[in-house]
**Q** 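Quick one: the structure is below, and I'll ask about it shortly.
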Amino acid sequence: MPIIAPSILAADFAHLADEVRAVEGTADWVHVDVMDNHFVPNLTIGLPVVQSLRKVASIPLDVHLMITDPERWAPGYAEAGAYNVTFHAEASENPVKLAKTLRAAGSKAGLAIDRDTPVEPYLELLPYVDTLLIMTIKAGFGGQAFLPEMLRKVRDVRRRVRVKGLEVRVEVDGGIAADTIEQAAEAGADAFVAGTAVYGAEDPAKAVRALRARAEAATVGP
Ligand code: DX5
Ligand code: ZN
């Protein structure tokens with residue numbers, strides 16, 4: 001079943017608890033974008049906000065770390081109770097070791113691949129992660145246009161997951177909306193981050209339901 005993960009990057013930061021509540025009945029995860037003004041030029045939120053969100057959110061937190069030195073910072077998010085902690089391949093010196101550390105700290109481990117990074121070198125790491133996040137934009141800002149050429153990576157990952165019989169979520173992030181989610185699902189994605197398409201909508205819960213319907217309709221069976 002597809003996972004729909006609204007990104008609070010597009011929500012009202014002064015009312016985060018309300019914004020999470022608005023999608024709790026319909027969404028599967030809440031996606032939290034942590035940016036450090038180093039790995040990406042943008043700056044968002046960090047650990048204290050995730051710790052506070054954890055107290056009010058009744059659905060799992062999907063933390064997406066767009067930060068340098070994830071070896072130093074990522075375990076804190078797992079300890080804070082994040083369900084899934086995703087760090088970037090481009091920022092990590094030893095992704096397998098960090099994934100093991102995250103699992104030991106109590107979260108799922110996710111590896112993210114940015115727009116300009118080929119996925120091939122990372123396919124052999126799939127047995128060590130729970131989530132493989134393919135960026136369908138250049139990481140750093142919400143509201144960018146979906147890049148359909150990234151779906152080749154999604155297909156490559158899905159093929160490897162299927163052939164090896166792995167249990168890995170294939171997540172897409174960036175420009176996911178009613179008009180792009182189907183192609184991503186057809187390519188083999190089964191977790192979908194959506195910021196603008198959810199929180200830019202008048203009724204976020206309705207937007208989540210609409211995305212889910214399209215993803216389900218386009219999901220290719222095993
Ligand atoms: C951007 C973030 C995304 C962002 C997506 O680097 O990783 O999660 O919130 O926003 P939309 O859905 O508006 O493209
Ligand atoms: Zn993200």
Side-chain angles (χ1 to χ4, degrees), residues 2-13 16 19-20 22-23 26-46 49-50 53 59-68 70 73-74 77 82-91 107-117 129-151 153-154 169-185 189-202 204 207-208 210-212 214-215:
I3 294 282
I4 308 292
S7 166
I8 55 164
L9 185 62
D12 180 350
F13 274 30
L16 283 182
E19 296 281 58
V20 169
V23 298
T26 51
D28 302 280
W29 302 343
V30 173
H31 185 82
V32 183
D33 289 301
V34 175
M35 305 189 193
D36 69 349
N37 178 232
H38 288 273
F39 180 72
V40 289
N42 202 0
L43 180 69
T44 57
I45 55 167
V49 176
V50 170
L53 279 176
I59 58 174
L61 299 183
D62 177 37
V63 174
H64 177 193
L65 299 176
M66 284 159 275
I67 62 171
T68 53
W73 302 106
Y77 291 86
Y83 171 77
N84 180 73
V85 179
T86 291
F87 58 91
H88 266 264
E90 305 82 12
S107 74
K108 306 266 185 205
L111 183 67
I113 309 288
D114 207 352
R115 181 193 66 187
D116 301 328
T117 305
V129 300
D130 304 290
T131 312
L132 201 289
L133 174 63
I134 300 291
M135 294 305 301
T136 40
I137 54 168
K138 169 89 178 146
F141 296 91
Q144 301 181 67
F146 176 78
L147 300 170
E149 57 271 33
M150 296 297 117
L151 295 180
K153 296 191 216 179
V154 174
R169 282 277 173 193
V170 184
E171 189 173 13
V172 282
D173 184 3
I176 298 296
D179 58 339
T180 55
I181 195 166
E182 287 172 341
Q183 9 175 344
D190 62 359
F192 305 87
V193 177
T196 310
V198 171
Y199 285 110
E202 205 153 309
V208 171
L211 289 171
R212 184 188 305 288
R214 284 178 183 266

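Whatever order the structure lists ligands and atoms in, that order sets their numbers, starting from 1. For reference, positions follow the sequence shown, starting with 1.
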**Q** Where does A194 meet ligand 1, judged by heavy-atom distances below 4.0 Å: at the side chain, the backbone, both, or neither?
**A**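 Contact part for A194 vs ligand 1: backbone (N, CA, C, O).
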**Q** For A139, take its heavy atoms, then give the atoms of ligand 1 lying under 4.0 Å from any of them.
**A**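 Taking each heavy atom of A139 in turn, ligand 1 has 6 (O) under 4.0 Å.
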**Q** Under a heavy-atom criterion of less than 4.0 Å, does K138 contact ligand 1?
**A**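 For ligand 1, residue contact (heavy atoms, under 4.0 Å) with K138 is absent.
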**Q** If you measure from OG1 on T68 to CG on D36, what distance do you get to the nearest 0.5 Å?
**A**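 One gets 4.5 Å once the value is rounded to the nearest 0.5 Å.
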**Q** Below 4.0 Å from ligand 1: does a non-hydrogen atom of G174 turn up there or not?
**A**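 The answer is yes: ligand 1 sits under 4.0 Å from a heavy atom of G174.
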**Q** With a 4.0 Å cut-off on N to O distance, would you call D130 and R169 a salt bridge?
**A**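 Between R169 and D130 there is no salt bridge, as every charged N stays at least 4.0 Å from the carboxylate O atoms.
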**Q** In Å and rounded to the nearest 0.5 Å, what is the CG to OG1 distance from L211 to T180?
**A**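 Output value for this atom pair is 8.0 Å.
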**Q** If you count the atoms of ligand 1 from 1 in the order shown, which ones are under 4.0 Å from a heavy atom of M66?
**A**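 By the 4.0 Å cutoff, the relevant atoms are 6 (O), 7 (O).
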**Q** Is there a donor-acceptor pair closer than 3.5 Å between any side-chain N or O of K138 and the backbone N or O of Q144?
**A**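 Not confirmed, K138 side chain does not pair with Q144 backbone.
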**Q** Could you tell me, atom by atom, which parts of ligand 1 come under 4.0 Å of a heavy atom of H64?
**A**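 Per the distance check, 7 (O).
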**Q** Tell me: protein heavy atom nearest atom 1 (C) of ligand 1, and distance?
**A**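 Here the closest protein heavy atom is F141 O, 3.6 Å.
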**Q** With the Zn ion (ligand 2) as the centre, enumerate protein N/O/S atoms below 2.8 Å in chain and residue order.
**A**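 Result, waters dropped: H31 NE2, D33 OD1, H64 ND1, D173 OD2.
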**Q** May I ask you to check whether H31 and D33 show a side-chain donor-acceptor distance below 3.5 Å?
**A**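 Yes, because at least one side-chain N or O of H31 sits under 3.5 Å from a partner of the opposite role on D33.
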**Q** Could you list which atoms of ligand 1 come closer than 4.0 Å to a heavy atom of V193?
**A**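 The atoms of ligand 1 under 4.0 Å from a heavy atom of V193 are 8 (O).
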**Q** What residue and atom, counting heavy atoms only, is the protein's closest point to atom 5 (C) of ligand 1, and at what distance?
**A**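 Heavy-atom neighbour on the protein nearest atom 5 (C) of ligand 1: D173 OD1, 3.5 Å.
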**Q** To check your reading of the model: name the closest protein heavy atom to atom 9 (O) of ligand 1, its residue, and the distance in Å.
**A**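 Scanning the protein heavy atoms, the shortest distance from atom 9 (O) of ligand 1 goes to S7 OG, 2.8 Å.
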**Q** Out of all atoms in ligand 1, which are within 4.0 Å of some heavy atom of G140? Include the element for each.
**A**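 Once the distances to G140 are compared, the set is 1 (C), 6 (O).
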**Q** With a 3.5 Å cut-off and no angle check, do the side chains of N42 and T44 form a donor-acceptor pair?
**A**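 No, because no side-chain N or O of N42 sits under 3.5 Å from a partner of the opposite role on T44.
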**Q** Using a 4.0 Å cut-off to any heavy atom of L9, which atoms of ligand 1 qualify?
**A**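 That gives atoms 4 (C), 9 (O) of ligand 1.
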**Q** Give the residue, atom name and distance (to 0.1 Å) of the protein heavy atom nearest atom 10 (O) of ligand 1.
**A**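 It is G142 CA, 3.5 Å.
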**Q** Show your reasoning for whether side-chain contact (heavy atoms from CB on, under 4.5 Å) applies to D28 and R212.
**A** CA-CA 10 Å; D28 302 280; R212 184 188 305 288; 3.0 Å; yes
**Q** Write out the residue and atom name of the closest protein heavy atom to atom 2 (C) of ligand 1, then the distance separating them to 0.1 Å.
**A**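 Answer, as residue, atom name and distance: D33 OD1, 3.3 Å.
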**Q** If you round to the nearest 0.5 Å, how far is OG1 of T117 from CE of M135?
**A**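 The OG1 atom of T117 is 10.5 Å from CE of M135, to the nearest 0.5 Å.
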**Q** Check for a donor-acceptor pair, side chain of E19 on one end and backbone N or O of D12 on the other, with a separation under 3.5 Å.
**A**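 Yes; judged by distance alone, with no hydrogens or angles, the pair exists.
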**Q** Between T136 (side chain) and G174 (backbone), is there a donor-acceptor pair under 3.5 Å?
**A**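 Between the backbone of G174 and the side chain of T136 there is a qualifying donor-acceptor contact (under 3.5 Å).
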**Q** Do V34 and Y77 come within less than 4.5 Å of each other through their side chains, counting heavy atoms only?
**A**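 Side chain of V34 against side chain of Y77, heavy atoms only: contact under 4.5 Å found.
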**Q** Any idea which protein heavy atom is nearest atom 11 (P) of ligand 1, and the distance to it?
**A**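 Protein heavy atom at minimum distance: G143 N, 3.7 Å.
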**Q** Can you confirm whether V193 sits close enough to I176 that some side-chain heavy atom of one is under 4.5 Å from a side-chain heavy atom of the other?
**A**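 SC-SC contact between V193 and I176 ruled out.
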**Q** Which residue in the set I3, V170, V172 passes side-chain contact (heavy atoms from CB on, under 4.5 Å) when paired with D190?
**A**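 It is V170, the one option of I3, V170, V172 that forms the side-chain contact (heavy atoms from CB on, under 4.5 Å) with D190.
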**Q** Does a side-chain heavy-atom distance below 4.5 Å link I4 with I181?
**A**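 A side-chain contact under 4.5 Å exists here.
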**Q** Could you check atom 14 (O) of ligand 1 against the protein and tell me its nearest heavy-atom contact, residue, atom and distance included?
**A**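 Here the closest protein heavy atom is G175 N, 2.8 Å.
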**Q** Are the side chain of N37 and the backbone N or O of L43 linked by a donor-acceptor pair below 3.5 Å?
**A**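 Not a single qualifying donor-acceptor pair exists.
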**Q** Specify the protein heavy atom at minimum distance from atom 12 (O) of ligand 1: its residue, its atom name, and the distance to 0.1 Å.
**A**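 Protein heavy atom at minimum distance: G195 N, 2.8 Å.
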**Q** Short list, please: which atoms of ligand 1 are under 4.0 Å from a heavy atom of H31?
**A**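 In order of number, 8 (O).
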**Q** Short list, please: which atoms of ligand 1 are under 4.0 Å from a heavy atom of T196?
**A**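 Contacts of ligand 1 toward T196, numbered from 1: 11 (P), 12 (O), 13 (O).
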